[in-house]
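Take a look at the structure set out below.
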Amino acid sequence: MDDRDRALLSALRENGREPVASLARRLDVSRARMNSRLERLLTSGTVVGFSVRVRDELDPPTIRAVSLLAVEGSDTDRVISELKGLPEIRAVHTTNGGWDLAAEPGTQTLTDFGLVLGKIRSIPGIVNSETSLLLSSVLR
């Protein structure tokens, strides 16, 4: 991956629907070369898809958070599997440092949020957690 590929990825993060001709002009390459670069990024798995971004305040679930989780012993894979089974979990990440996992729960109400936190905390193997609500996104 070179600087132009990184510039292309940056442009696609801003607008995944930007026409190839516009991307080519923006990055000062021919349209054919832009198609080739984009196809290579897709084929290699660097780009795995395109999605729609919706303004946070219009995108239920409106209550979002980051839950940092400490997992006992070698239970991490099983805990990840159980977290994946909760529909309120938008993402799960492995981490380093004092926490083993970071989960991103989201719900439409605080009552539902409390219930999902209870589900997370009751997963066998989770020995500690700390959750912070996300108030607004300033960069995505």
Side-chain angles (χ1 to χ4, degrees):
M1 184 175 311
D2 61 16
D3 287 343
R4 212 165 252 154
D5 287 335
R6 283 187 276 283
L8 172 57
L9 292 175
S10 178
L12 290 172
R13 282 186 190 106
E14 286 177 35
N15 179 5
R17 294 179 43 110
E18 186 169 349
V20 172
S22 173
L23 289 167
R25 279 191 306 276
R26 208 168 144 175
L27 300 178
D28 196 30
V29 296
S30 71
R31 184 176 179 171
R33 184 69 182 135
M34 182 56 61
N35 274 324
S36 172
R37 280 182 179 273
L38 188 54
E39 183 60 35
R40 184 175 39 80
L41 290 170
L42 287 163
T43 301
S44 71
T46 301
V47 173
V48 295
F50 301 88
S51 64
V52 173
R53 292 184 336 213
V54 179
R55 275 196 338 252
D56 288 339
E57 64 271 14
L58 300 177
D59 182 24
T62 56
I63 298 172
R64 301 173 305 125
V66 173
S67 292
L68 302 172
L69 308 170
V71 179
E72 183 175 49
S74 61
D75 289 340
T76 303
D77 289 340
R78 190 183 48 69
V79 168
I80 290 171
S81 181
E82 290 202 39
L83 288 168
K84 286 180 177 179
L86 296 176
E88 301 89 354
I89 301 297
R90 298 174 118 189
V92 177
H93 312 276
T94 59
T95 64
N96 68 333
W99 301 100
D100 301 300
L101 299 171
E104 296 180 32
T107 64
Q108 291 195 25
T109 68
L110 284 173
T111 300
D112 290 340
F113 191 80
L115 294 173
V116 77
L117 279 183
K119 290 178 189 177
I120 291 169
R121 291 176 179 150
S122 70
I123 294 173
I126 293 180
V127 293
N128 195 11
S129 68
E130 180 179 316
T131 299
S132 295
L133 292 176
L134 301 175
L135 302 177
S136 65
S137 296
V138 295
L139 176 65
R140 287 179 72 150

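Atom OG of S36 sits about 8.5 Å away from atom CD of E39, to the nearest 0.5 Å. In this structure, the separation between OG1 on T107 and CD1 on I89 is 10.0 Å, given to the nearest 0.5 Å. For the atom pair E88 CD and F113 CZ, the distance stands at 10.5 Å (nearest 0.5 Å). The CZ atom of R31 lies 10.5 Å from the CG atom of L23; values are rounded to the nearest 0.5 Å. Once rounded to the nearest 0.5 Å, the distance linking OG1 of T76 with CG of L83 reads 10.5 Å.
Inter-residue side-chain proximity for F50 and L42 is flagged as met; some heavy-atom pair is nearer than 4.5 Å.
In terms of hydrophobic clustering, with Ile, Leu, Val, Met, Phe, Trp and Tyr side chains grouped at heavy-atom distances under 4.5 Å, I120 and V66 are assigned to different clusters. I63 and L117 fall within a single hydrophobic cluster, where Ile, Leu, Val, Met, Phe, Trp and Tyr are joined by side-chain heavy atoms under 4.5 Å apart, directly or via other members. When hydrophobic clusters are built by joining Ile, Leu, Val, Met, Phe, Trp and Tyr residues whose side-chain heavy atoms come closer than 4.5 Å, directly or via intermediates, V71 is not grouped with L68. Placement of V48 and L41 in two distinct hydrophobic clusters is found when ILVMFWY residues are connected by side-chain heavy-atom separations under 4.5 Å, directly or transitively.
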Which donor-acceptor pairs under 3.5 Å do side chains of residues 124-135 form with protein atoms, sequence neighbours excluded?
residue	atom	partner	partner atom	Å
S129	OG	R121	NE	3.2
T131	OG1	S67	OG	2.9

Side-chain donor-acceptor contacts of residues 5-12 below 3.5 Å, not counting sequence neighbours, with atom names and distances?
residue	atom	partner	partner atom	Å
D5	OD1	R37	NH1	2.6
D5	OD1	R40	NH2	3.0
D5	OD2	D2	N	3.4
D5	OD2	R40	NH1	3.2
D5	OD2	R40	NH2	3.1
R6	NH1	M1	O	3.3
R6	NH2	D3	OD1	3.0

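Looking only at distances, no side-chain donor or acceptor of S81 sits under 3.5 Å from a matching main-chain atom of D77. Of the possible donor and acceptor atoms, none in the side chain of R90 sits under 3.5 Å from a partner among the backbone N and O of G106.
Applying the side chain to side chain donor-acceptor pair (under 3.5 Å) definition to pairs two or more places apart or across chains, those involving residues 94-106 are H93-E104.
E18 is linked by a salt bridge (charged side-chain N to carboxylate O under 4.0 Å, His left out) to R26, counting only residues two or more places apart in sequence or in another chain. Every residue meeting the side-chain hydrogen bond (donor to acceptor under 3.5 Å, both in side chains) condition with S44, not counting sequence neighbours, appears here in chain and number order: T46. Residues passing the side-chain hydrogen bond (donor to acceptor under 3.5 Å, both in side chains) test with T109 are D112, sequence neighbours excluded.
Across all non-hydrogen atoms, the minimal contact from D28 to R4 is O-NH2, 3.9 Å.
Salt-bridge formation is not detected for the pair E82/K119: no Lys NZ or Arg NE/NH1/NH2 atom is positioned less than 4.0 Å from an Asp or Glu carboxylate oxygen.
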